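Accompanying notes for the structure given below.
Since the model is a prediction, treat every value here as computed from it, not as a measurement.
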Amino acid sequence: PGEIEYYSTCSHIGRGTSVVRNLQQCQITKDTGLGLSDKTVYLRDEDAAQVWSIAGFPVKSEVENYQCLFSMEKTELSSIFKVIFASQRVFVPRGKTFEIWTMTLKNESDKLRKISLFPYVPLNLESIFPFPHEYLGANKAYAFHKEINGMFAENIHPYEYQELFR
């Protein structure tokens, strides 16, 4: 009771939701209505101007040797697209309120390649409880932080209604 917990789901194609369990039941990623969000890493071969994702979805890219491995601690996705091996590991460190994504890329050809990565996460930071719409959207702050080399998101205006759920 009173503790903050973080959980993240990940499907066989890398989609899922992230939620902080606290008094506000803050949902971090935007749900698409199917219980899934579009948490995805897009890759782009700069010379060939081709975009893909490891699972071949939502970009309709023909990947080879696609694998999805689930364990209690992490989810790992991997595939090969045009001789570029890519893998992604998603996990939540024990006792922490964030998730970590790590990427591994390997060029399996002799040709020098320039590959860009674009993580995409539709951040939400709204409660799963039905609050009046004037409170939604007024409580979020997002910023890129060089120190962590990543995005940082936080609620900056706690809901006045949290007393109802104590």
Between [atom1] on residue [X] and [atom2] on residue [Y], distance to nearest 0.5 Å:
| X | Y | atom1 | atom2 | value |
| --- | --- | --- | --- | --- |
| I100 | K74 | CD1 | NZ | 12.5 Å |
| E76 | T104 | CD | OG1 | 9.0 Å |
| F81 | N65 | CZ | CG | 14.0 Å |
| C68 | I13 | SG | CD1 | 9.5 Å |
| S53 | F118 | OG | CZ | 13.5 Å |
| I80 | Q67 | CD1 | CD | 9.5 Å |

Exercise for review: Evaluate whether atom CD of E62 has more than 12 neighbouring non-hydrogen atoms of other residues, nucleotides or ligands under 6.0 angstrom away.
Suggested key: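 No.
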Membership question, hydrophobic clusters at under 4.5 Å side-chain separation (ILVMFWY): are [Y] and [X] in the same one?
| X | Y | answer |
| --- | --- | --- |
| I54 | F70 | no |
| F85 | L77 | no |
| Y66 | M103 | yes |
| L69 | F91 | no |

Practice item. Please report the closest heavy-atom contact between L43 and V41, naming both atoms and the distance. Key: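 In this case the closest contact between L43 and V41 is CD1-O, 3.9 Å.
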Exercise for review: Kindly give the heavy-atom pair with the smallest separation between V92 and K96, and that separation in Å.
Suggested key: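 Reported closest heavy-atom pair: CG1-O, 4.0 Å.
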Point to revise | Any donor-acceptor pair under 3.5 Å from S79 side chain to V63 backbone | key: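 Here the side-chain-to-backbone pair does not exist.
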Practice item. Test D45 against R113 for salt bridge (Lys or Arg N to Asp or Glu O under 4.0 Å), laying out the working first. Key: CA-CA 7 Å; D45 182 324; R113 309 294 281 269; 2.6 Å; yes
Review point. Is it the case that S116 and R44 place a side-chain donor and acceptor less than 3.5 Å from each other?
Key: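 R44 and S116 do not have a side-chain donor-acceptor pair below 3.5 Å.
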Check your understanding: Do E99 and W101 have side-chain atoms, one donor and one acceptor, less than 3.5 Å apart?
Key ->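 There is such a pair between these side chains.
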Point to revise | Y42 vs W52 side-chain heavy atoms within contact, under 4.5 Å | key: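 They are not in contact (no side-chain heavy atoms under 4.5 Å apart), so the answer is no.
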